[in-house]
Enquirer: 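One structure, pasted below without further comment.
Along the sequence shown, residues carry numbers from 1.
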Amino acid sequence: MSAAIESGPADPAGLSPEVLVAALQRLTADEIHDESAASAGGEVVARPAGSVLRRETPGQAAASERVERVRASVWARRVPYLVTAATAAMGALGWALCDLVAASEGPGAAAAVSAGLGLAVSAGLAGARGWWRRRVPASWKKASWAGVAGAGAWVGAAALAGPADPALLAVLAAGSAACWSGWMAAHPVTVPSTGPVLPTEDAGDVGDRLARRWAANVARRGKALPDSLLTDRVESGRAIRWTVRTPPGEVCFDDILGRRARIASALGVSGKHLVVEPYPDDEGWAVITVIVRDVLSAGIAYTGPRYESGAIPLGPYADGEGEMVFHAVEEVGVRNGLVTGEPGSGKSACLEAIGLGLVASGCWHVFFGDGDPDGGSSPVLNDVADWAESGPDGVLAQLAAVEAALEVRSLLKSTLTDAPADPDSDGDGDGGAGAGALVAITDPAVQSPARKLLPTPELPGLMWIIDELHRLSTHPHMVAADFIGRLERVVRIGRKYGVGLVVGTPRSAVDGHMSGVRGE
C-alpha cells in the first residue's frame, strides 16, 4: 500500500518520475491483489494549504474585463486634450524664445528659429506616431498625419505672433476638433445601464454554485465528464462531498482522476482542494470533495515522532475529517511510499515526519538520499538518518548498499522461521514479542523458511527515503547507471525482506496514474 501526498509540473524526460510512479502503482496493485488482508485505508495523502474559490467566476471575469476596457477608453479620450495642451505650451515656449532672439539678433533670426521649432515639433510628433502606429485606429490614420503637419505649423506661427492671439487660438481649437474626431469615435466610453441587475450564477451558497458550474462546465457535451450527475451531497463545516455518476461504459475511475485538473478549472476552485476518490461499488463512479475551509492553512504544530503498530500518524486532513497515516509495515510486509506536491507544499516536511517516526521506533534503519547536490532539501533528515547522501554519486552508493542488503537478507531469511505463537505477546507488530518474531531453523524437515522479514528491534528494517527524485532520474550519470530500473527492483522485491522506499518528487503525471487515494 503505497503512500501518496499530492499537490506540480510534469517532467517530460523519458526516464522521469512518471516511470517510477507507474511502477509503484503497478507493484502496489499486485501487492494488494496477492495479499487480500491489505486495507485501502492505508494510503497517505496530504492536501496542501491554500485558498478555495479564489479564481474569478465567469461573471466576475467579464465584469473585470469590461472595467479594464472602460479604463483604457477613458485614458485614450484624454490623449487629444493632453496633446493640444502640449502644442499650446510649445507655442508659448517658442514665442518666448523667438522674442529673445529678435531682441538680440533681429527679426530674420527669429523667423528662422520659429520655422525650426515648427519642423522640430512636426518631426517629434511624426516619430511618436510611427512608434505607436499599431495602436492608431484605421479611421484616424490620414487625420493623424494632418494633425502632425498642422501642429508644427501652428507652433511656428505662434512663436512669431504669440500663443494668445485670438485667431491662432481659434485655429488650434478647430484644428484639434477636426483632427481628433476619428480618434474619439474609435474610443467610446459606454455608460452602464441603470436598469435592474439580474442575479448572477454566484447566487446561493457554495454548494449550489458548484453544482451549477458542474452542470454548465463539466457535464455538458464536449466537457470533462459529459452527462455526469452529482448526487448524495454531504456537507461538513469545511468541505462538500458528492458522488459522481457517469453513464455506464463511458469512463472509469482512472479517467475521472486523470481529468481532475480540468474539473477543478471548470468549477473555479483550486486543484489542491479538489479530492477525487474511488466509489466502492462502481468503477465508473467517483466521490469528489471540495474543501472550502482548509484547516492546514494556518499550519499544524508538530508534536513529536509517533510510531504506532507500524503506522506513523502525520496529522489531520485539510478538511479536518480524519488523520493522515503512513503505514510503514503491516502484516503483509513493508510498504513503499510516494510523496508528491508543488514546491512549498510540504513534501520535505512529510518525509521528515516519516523519517523521525521510523528513527524513534527503534525498529528501523533510515537512509536519506537527497537529489539536491547541495543537500539542502532536509537538514532534519541529514541529522537523524543513519546514512545521508546528496547528489547522484552519493545516491548511487546508497543504491548499491541497499541492493547488497537485499542479497544478505534473502540469504538470512532462508535460515529463519516464524517463532511459535506466544500467548503473552502483544501481537501488535511494533517489534514486541508478537508479530515478526523469528527464530533460527533447527529442523529443516519440519520448519519452513519465513515468508517475510518484518522490522523488529532484533532485526531492524531498512527504509530508504529519497527527496527530489526528479533531479536524479534524468541526470545523465543516473540514466547511464540504470537508476530507475534498479530502483524498481528494490520496490518489487524489498517488501518481503524488510526493505522499503519512500520518494518525494513534484506532481508529475501522478494525476493520471494514482488511484485509490484517500485525499490530497
Enquirer: Under the 3.5 angstrom rule, does the side chain of Ser390 hit a backbone N or O of Pro373 as a donor-acceptor pair?
Expert: yes

Enquirer: Between Glu331 and Arg451, does any side-chain N to carboxylate O distance fall below 4.0 Å?
Expert: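 Not counted as a salt bridge, because no side-chain N and carboxylate O are separated by less than 4.0 Å.
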
Enquirer: Just to verify, what does Pro313 make a side-chain contact (heavy atoms from CB on, under 4.5 Å) with, not counting sequence neighbours?
Expert: Arg306, Glu308, Glu323

Enquirer: Are the side chains of Thr505 and Lys347 in contact, using a 4.5 Å heavy-atom criterion?
Expert: no

Enquirer: Grab the two heavy atoms, one from Arg220 and one from Ala215, that are nearest each other, plus how far apart they are.
Expert: CG-O, 3.4 Å

Enquirer: Could you tell me whether Trp464 and Phe367 have their ring centroids closer than 6.0 angstrom?
Expert: no

Enquirer: Should Met478 and Leu396 count as side-chain neighbours, where that means a heavy-atom distance under 4.5 Å?
Expert: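 When only atoms from C-beta onward are counted, Leu396 and Met478 do touch, with a gap below 4.5 Å.
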
Enquirer: So, for Pro455 and Cys363, which heavy atoms are closest and what is the spacing to 0.1 Å?
Expert: CB-O, 3.3 Å

Enquirer: Please determine if Arg471 and Asp370 form a salt bridge, counting it only when a charged side-chain N lies under 4.0 Å from a carboxylate O.
Expert: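 Salt bridge flag = no for Asp370 with Arg471.
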
Enquirer: Specify the closest pair of heavy atoms between Ala239 and Val292, including all atoms of both residues, with the distance to one decimal.
Expert: N-CG2, 3.8 Å

Enquirer: What do the steps show when you test Glu352 against Ile354 for side-chain contact (heavy atoms from CB on, under 4.5 Å), and what is the final call?
Expert: CA-CA 5 Å; Glu352 290 170 354; Ile354 294 173; over 6 Å; no

Enquirer: Looking at every heavy atom in both Ser348 and Asp467, which two are closest together, and how far apart are they?
Expert: OG-OD2, 2.7 Å

Enquirer: Taking the side chain from Asp386 and the backbone from Val366, do they hold a donor-acceptor pair closer than 3.5 Å?
Expert: yes

Enquirer: Can you list everything that forms a side-chain contact (heavy atoms from CB on, under 4.5 Å) with Asp393? Sequence neighbours excluded, please.
Expert: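 With sequence neighbours excluded, Asp393 shows a side-chain contact (heavy atoms from CB on, under 4.5 Å) to His477, given in chain and number order.
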
Enquirer: Would you say the side-chain atoms of Ser377 and Asp372 include a donor-acceptor pair closer than 3.5 Å?
Expert: no

Enquirer: Checking Pro460 now: which residues fulfil side-chain contact (heavy atoms from CB on, under 4.5 Å) with it, not counting sequence neighbours?
Expert: His365

Enquirer: Donor-acceptor check, side chain of Arg409 to backbone of Tyr497, threshold 3.5 angstrom: yes or no?
Expert: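 Yes; at least one donor-acceptor contact below 3.5 Å.
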
Enquirer: Kindly say whether Leu501 contributes a backbone atom to a donor-acceptor pair with the side chain of Asn336 at under 3.5 angstrom?
Expert: yes

Enquirer: Hey, does Arg233 have a side-chain heavy atom less than 4.5 Å from the side chain of Arg241?
Expert: no

Enquirer: Hydrogens and angles aside, do Trp214 and Ser228 bring a side-chain donor and acceptor to less than 3.5 Å of each other?
Expert: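 Yes, Ser228 and Trp214 have a side-chain donor paired with an acceptor closer than 3.5 Å.
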
Enquirer: Can you give me the closest heavy-atom contact between His327 and Arg335, atom names plus distance?
Expert: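 Shortest heavy-atom contact: O-CB, 3.0 Å.
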
Enquirer: Search all heavy atoms of Ala328 against all heavy atoms of Tyr307 and return the closest pair with its distance.
Expert: CB-CE1, 4.5 Å

